[in-house]
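These notes are about the structure you will find just below.
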2 protein chains.
Amino acid sequence: MIEHCLINDLLKAVVRAGHSNTRARRAVLRALCEADGQATPIQLLALGRAHLPSLGLVTVYRTLDILSELGLVRKLHLDEGCSTYALSPAGVQQTADDVRTLAASAHAHSHHVICQRCRRAVEFAGCDIQMLVDAVEMQTGYRVTEHWLEMFGLCPDCQARGAAAGEV
Amino acid sequence: MIEHCLINDLLKAVVRAGHSNTRARRAVLRALCEADGQATPIQLLALGRAHLPSLGLVTVYRTLDILSELGLVRKLHLDEGCSTYALSPAGVQQTADDVRTLAASAHAHSHHVICQRCRRAVEFAGCDIQMLVDAVEMQTGYRVTEHWLEMFGLCPDCQARGAAAGEV
DNA sequence: GTGATTGCAAATCGTTTGCATTCAG
DNA sequence: CTGAATGCAAACGATTTGCAATCAC
């Protein structure tokens, strides 16, 4: 689970954006942190109901929408479906800053490495593919303004587990 | 619309993989070519029904599944949804070759540039991000085995149209 | 008190499955 | 003729919407 203070940072950002501080929203944020910042709406509902049994799935979706607009959360595109949300580190670091700054970067490119076995995703910093972008622009005639990159593999834990079990 | 002979190439590959040459499948392939190799299942149904009114959506899905297994078509992950399929150039060029070769590469990484205005996607060749992969492995501890990259921007046509209209 | 927020039920959308009919080889 | 393929209807899972009750401020 992610540090407790993060919940308050997220909440602060949500409130600053003009939304109110409600019990249901707190439950969703708490669930998101307990899931290490990464879960599907259904998983968040289950986690959130542990603290607020009356929590509804609709509210989970609506809260994710808000977080998404603020750039605090991102949708991951996995092959099996595109309904996993992950906390955006960029957002986490800046929750104390101006919300508008965040919103502006909400749709910038995001980059995750995703474990093929346990599904855990980590956002990585620094993405220098400008050379590749240039090459593609030349090759295709497109003017490229954004890109979206995801890597897949095994996280450290699963590498260890795999080795122990003698697999892969 | 894509050259007519392509339909036959695709069909040939499907037959070679052990599936039969049916009227419905021909209609779907034809639709795919008419859509310049890029469409959603619903769009393919509409196009296909122009030639075979009895065509069912289920068959469109099943045909896309086959093409997908053979690596002849790929699913694009757009932000609005992940249900657009695009012909894979690699597949197109190799339809005459051994189908097993194709199937083996079906799940390799795919790379598209997608126009943000007209949604047209082009697959680009050559992807040299090994350095980036190395950096990410070092940074995160993950062992990266695959990656998935998409670029977004404006295609040549839409750049021209935008300039003419005085926009963007 | 008032408008925002909630949660339910129902609608909607995309996709898959069961099954009887039809077709290709 | 026989198994593969089709298309319909229905099931299904994920997401959205209408609406009355509730809550935050």
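So that the names make sense, note that chain A is the first sequence line, chain B the second, and so on, each numbered from 1.
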Toward the 5' end of DNA chain D, by each residue's nearest nucleotide, A/Tyr61 or B/Ile66: B/Ile66
Residue [X], side-chain atoms from C-beta onward, closest of [options]:
X: A/Thr22; options: D/dA4, D/dG7, C/dT5; value: C/dT5
X: B/Thr59; options: D/dT16, D/dG7, D/dA5; value: D/dG7
X: A/Ser20; options: D/dC8, D/dC25, C/dT6; value: D/dC25
X: A/Asn21; options: C/dA24, C/dT15, D/dC25; value: D/dC25

NA contact type, [X], heavy-atom cut-off 4.0 Å: base, sugar-phosphate, or nothing?
X: B/Thr40; answer: nothing
X: A/Leu57; answer: base
X: A/Arg49; answer: sugar-phosphate
X: A/Arg62; answer: base

Without decimals, in angstroms, what is the distance between [X] [atom1] and [N] [atom2]?
X: B/Leu11; N: C/dA24; atom1: CG; atom2: C1'; result: 13 Å
X: B/Leu52; N: C/dT22; atom1: CG; atom2: P; result: 15 Å
X: A/Asp65; N: C/dT6; atom1: CG; atom2: C1'; result: 15 Å
X: B/Leu64; N: C/dT15; atom1: CG; atom2: P; result: 9 Å
X: B/Ile42; N: C/dC13; atom1: CD1; atom2: P; result: 10 Å
X: B/Leu29; N: D/dA5; atom1: CG; atom2: P; result: 13 Å
X: B/Leu67; N: D/dA5; atom1: CG; atom2: P; result: 13 Å
X: A/Leu44; N: D/dA14; atom1: CG; atom2: C1'; result: 14 Å

Verify same cluster id: B/Leu47, B/Tyr61 (apolar side-chain graph, 4.5 Å): no
Using modelled atom types only, decide if a donor and an acceptor are shared between the side chain of [X] and the backbone of [Y] within a distance under 3.5 Å.
X: A/Glu137; Y: A/Arg143; value: no
X: A/Thr140; Y: A/Val136; value: yes
X: A/Arg49; Y: A/Leu55; value: yes
X: B/Arg25; Y: B/Ser20; value: yes

First of A/Val60 and B/Arg26 reached from the 5' end of DNA chain C, by closest nucleotide: A/Val60
Under-4.0 Å side-chain N/O to phosphate OP1/OP2 contact, B/Arg25 with D/dA5: yes
OP1 or OP2 of D/dA5 under 4.0 Å from side-chain N/O of B/His19: yes
